[in-house]
*Asks:* 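Next up is a structure, given as structure tokens.
When reading the values below, keep in mind they use all heavy atoms of this one structure, side chains included, and skip hydrogens, waters and symmetry mates. Note on naming: letters A, B, ... go to the chains in the order of the sequence lines (proteins, then strands), and numbering restarts at 1 for each one. Since the structure is predicted, the reported quantities are computational estimates derived from the model, not experimental observations.
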There are 2 protein chains.
Amino acid sequence: MTITVPVPRPETRWTRRKDARPAELLAAALDLFVERGYAATRLDDVARRAGVSKGTLYLYFESKEELFKAVIRGGLVPAIQRNERLVQDHAGTMADLLEKIIRNWWQDVGNSQIGGIPKLMFAEARNFPDLAHFYQQEVINRGYKLVGEVVELGQRRGEFPPMDTEHATRIVLAPLVFLLLWRHSFDGCDGTRIDPEAYLRVHLGIILDGLRGRPSNEPAKAPRTAADPATSRR
Amino acid sequence: MTITVPVPRPETRWTRRKDARPAELLAAALDLFVERGYAATRLDDVARRAGVSKGTLYLYFESKEELFKAVIRGGLVPAIQRNERLVQDHAGTMADLLEKIIRNWWQDVGNSQIGGIPKLMFAEARNFPDLAHFYQQEVINRGYKLVGEVVELGQRRGEFPPMDTEHATRIVLAPLVFLLLWRHSFDGCDGTRIDPEAYLRVHLGIILDGLRGRPSNEPAKAPRTAADPATSRR
DNA sequence: TACGTTCCTGACCGCCCGGTCATCAGGGGC
DNA sequence: GCCCCTGATGACCGGGCGGTCAGGAACGTA
């Protein structure tokens with residue numbers, strides 16, 4: 001990828017930057033999609049944030065929908081692929097693997113801009129069935145399968161007791177998705193802000209003890225964290 | 001509430017039905033808000049579905065925002081109040097209470113039209129801060145406090161081990177919210193449909209075992225459900 | 001310096017939506 | 001049977017947005 005002129009010279013009205021445009025447009029689009037949602041995002045604004053006019057946007061992307069798909073392909077899909085590789089290569093216990101996946105996912109998705117996309121998809125799925133289908137294929141099904149395999153394998157190995165893996169997988173994923181949604185909607189709105197680290201630690205503790213049926217305190221593997229009282233405020 | 005003429009006579013262009021209009025408009029609004037979201041719902045459509053013109057809608061509601069608030073006040077708030085009373089009156093274990101609350105909530109909210117509102121609120125919170133604030137006050141905070149009290153009480157009584165109640169409460173609630181969101185977004189989109197009953201049963205099993213740290217199979221209290229294989233299909 | 005290609009612009013089109021208001025007609029009261 | 005209040009209408013306004021396109025500016029080439 002070559003960038004001809006990183007900072008456009010001010011004396012000319014505009015500069016040719018064919019190579020840089022797509023990435024810049026995608027970045028601007030991600031920002032605005034996450035901030036406002038799909039329908040509420042105006043292509044005029046996306047273009048302006050990328051420093052071009054709306055007409056230019058249409059030189060690089062066929063339509064609003066294609067722009068959005070490109071954002072997903074570049075942002076969420078790679079994060080999933082990383083964990084797919086992790087599952088293939090992992091050797092230790094399934095509990096460890098689960099923890100690793102959760103932490104990876106938080107690093108890649110939760111802690112970055114792209115984490116706002118799931119909220120958006122839940123919101124617009126019914127209004128834009130084509131987008132919903134695309135997202136379900138590329139993100140939901142793959143992510144679900146990923147975690148489902150871990151749960152199922154853990155059960156078959158005897159690490160987890162027998163259970164309804166179908167729904168257990170969803171129970172494992174639900175709080176992760178919820179955290180994403182919360183962060184991009186109500187978080188910090190009314191003084192209530194979730195601390196992701198603590199939240200994920202508690203989640204992991206609960207599902208592991210639930211999945212394994214451990215008696216109680218084995219702080220090494222499943223850090224049930226006797227409630228750092230410092231984080232509790234209300 | 002008196003209804004003068006239940007079915008408008010066809011020979012007149014319209015009928016006066018001052019008493020019936022608000023409820024009919026609210027019902028129509030709920031339908032459409034849930035179906036399409038807040039911003040995407042057109043007041044023209046709401047009016048038409050209620051059998052009146054847009055002008056009439058403005059006779060009864062000041063604005064789109066006030067219409068929406070009225071929908072929430074009439075639909076979600078009562079469901080919460082019911083459980084607030086339940087918590088006050090309950091005598092048995094906290095695990096039992098938790099189960100009751102979850103089942104109540106599913107009956108009142110999950111299984112009805114109003115269950116689509118949370119998705120909508122997550123979606124539009126950032127774009128409509130006033131609505132978000134209202135919703136957080138009237139629904140989120142109250143619901144959170146409700147469940148939080150149960151968790152905390154269970155812990156103080158020794159029924160649940162010591163833990164970070166703040167986040168544990170959210171982990172309990174997250175799968176419930178997730179189920180609502182799923183039902184009103186992707187559910188049934190790609191053949192993947194969640195069975196609410198089974199899902200909630202598994203959820204309850206996981207959080208109770210997690211919360212209590214039970215060894216494994218005590219099917220009476222915490223029905224861990226050795227996976228009815230019938231419900232598993234994929 | 002002059003030219004042709006490539007990249008970019010911004011005005012424009014058609015359509016949509018929240019909210020308003022002059023006007024009309026239903027129907028209770030007499 | 002008539003009147004008048006009031007519930008109800010629907011055309012209209014201002015603003016906004018996805019998508020198009022004719023024209024113009026930048027830049028490699030010679």
*Asks:* Under the rule for salt bridge (Lys or Arg N to Asp or Glu O under 4.0 Å), what residues qualify as partners of A/E84, not counting sequence neighbours?
*Replies:* A/R142
*Asks:* Quickly work out the B/F68 CZ to C/dG18 C1' distance and round it to whole Å.
*Replies:*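 Going from CZ in B/F68 over to C1' in C/dG18 covers 17 Å.
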*Asks:* When rounded to the nearest 0.5 angstrom, what is the spacing between CG in A/L25 and CG in A/L30?
*Replies:*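 The CG atom of A/L25 sits 12.5 Å away from the CG atom of A/L30.
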*Asks:* Closer to the 5' end of DNA chain D via nearest nucleotide, is it A/G55 or A/Y38?
*Replies:* A/Y38
*Asks:* Give a yes-or-no answer on whether the side chains of B/D130 and B/H133 include a donor-acceptor pair shorter than 3.5 Å.
*Replies:* no
*Asks:* Of the listed nucleotides (D/dT20, C/dC8, D/dA8), which one gets closest to any side-chain atom of A/Y58?
*Replies:*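 Nucleotide nearest to A/Y58's side chain: D/dT20.
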*Asks:* Take the protein atom CG of B/L59 and the nucleotide atom C1' of D/dC5, then report the distance between them rounded to whole Å.
*Replies:*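 Taking atom C1' of D/dC5 as the reference, CG of B/L59 is at 14 Å.
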*Asks:* Counting heavy atoms from C-beta on, name the nucleotide in C/dA25, D/dC27, C/dC7 closest to the side chain of B/R13.
*Replies:*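 Closest nucleotide to the B/R13 side chain: C/dA25.
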*Asks:* Can A/Q136 and B/T192 be counted as having a side-chain donor-acceptor contact under 3.5 angstrom?
*Replies:*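 A donor-acceptor contact under 3.5 Å links the two side chains.
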*Asks:* Any base atoms under 4.0 Å from B/L43, or only sugar-phosphate, or nothing? Heavy atoms, all strands.
*Replies:* sugar-phosphate
*Asks:* Rounding to an integer number of Å, can you tell me how far B/R48 CZ sits from D/dA8 C1'?
*Replies:*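 After rounding, the reported distance stands at 16 Å.
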*Asks:* Let's see if you can work this out: which of C/dG10, C/dG19, C/dT5 has an atom nearest to the side-chain heavy atoms of A/R16?
*Replies:* C/dT5
*Asks:* Decide if atom NZ of B/K100 counts as having more than 12 heavy atoms of other residues, nucleotides or ligands within a radius under 6.0 Å.
*Replies:*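 At most 12 heavy atoms, drawn from other residues, nucleotides or ligands, come within 6.0 Å of this atom.
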*Asks:* Indicate whether OP1 or OP2 belonging to D/dT9 is found under 4.0 Å from a side-chain N or O atom of B/S53.
*Replies:*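 True: B/S53 side-chain N/O within range (under 4.0 Å) of D/dT9 OP1/OP2.
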*Asks:* For the pair made of CG in B/L57 and P in C/dT20, what is the distance, rounded to whole Å?
*Replies:*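 These atoms are roughly 12 Å apart.
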*Asks:* Which whole-number value in Å describes the distance from B/D45 CG to C/dC16 C1'?
*Replies:*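 Between C1' of C/dC16 and CG of B/D45: 11 Å.
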*Asks:* Rounding to an integer number of Å, can you tell me how far B/L25 CG sits from D/dA8 P?
*Replies:*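 After rounding, the gap between these two atoms is 9 Å.
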*Asks:* Can you find a donor-acceptor N/O pair under 3.5 angstrom joining the side chain of A/K64 to the base of D/dG19?
*Replies:* no
*Asks:* Quickly work out the A/D44 CG to D/dT20 P distance and round it to whole Å.
*Replies:* 14 Å
*Asks:* Look at B/R17 and D/dA8 and indicate whether a side-chain polar atom (N or O) is within less than 4.0 Å of OP1 or OP2.
*Replies:*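 B/R17 to D/dA8 OP1/OP2: no side-chain N or O under 4.0 Å.
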*Asks:* How many Å lie between CZ on B/F61 and P on C/dG18, as a whole number?
*Replies:*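 Rounding to the nearest Å, CZ of B/F61 and P of C/dG18 are 15 Å apart.
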*Asks:* If you check every side-chain atom of B/R42, which of D/dG19, C/dC17, D/dG24 has the closest atom?
*Replies:*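 Ranking D/dG19, C/dC17, D/dG24 by closest atom to the B/R42 side chain puts C/dC17 first.
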*Asks:* For A/Y60, which contact category applies under a 4.0 Å heavy-atom criterion: base, sugar-phosphate, or nothing?
*Replies:* sugar-phosphate
*Asks:* Is it the case that C/dG10 (base atoms only) and A/K54 (side chain only) share a donor and an acceptor within less than 3.5 Å, ignoring hydrogens and angles?
*Replies:* no
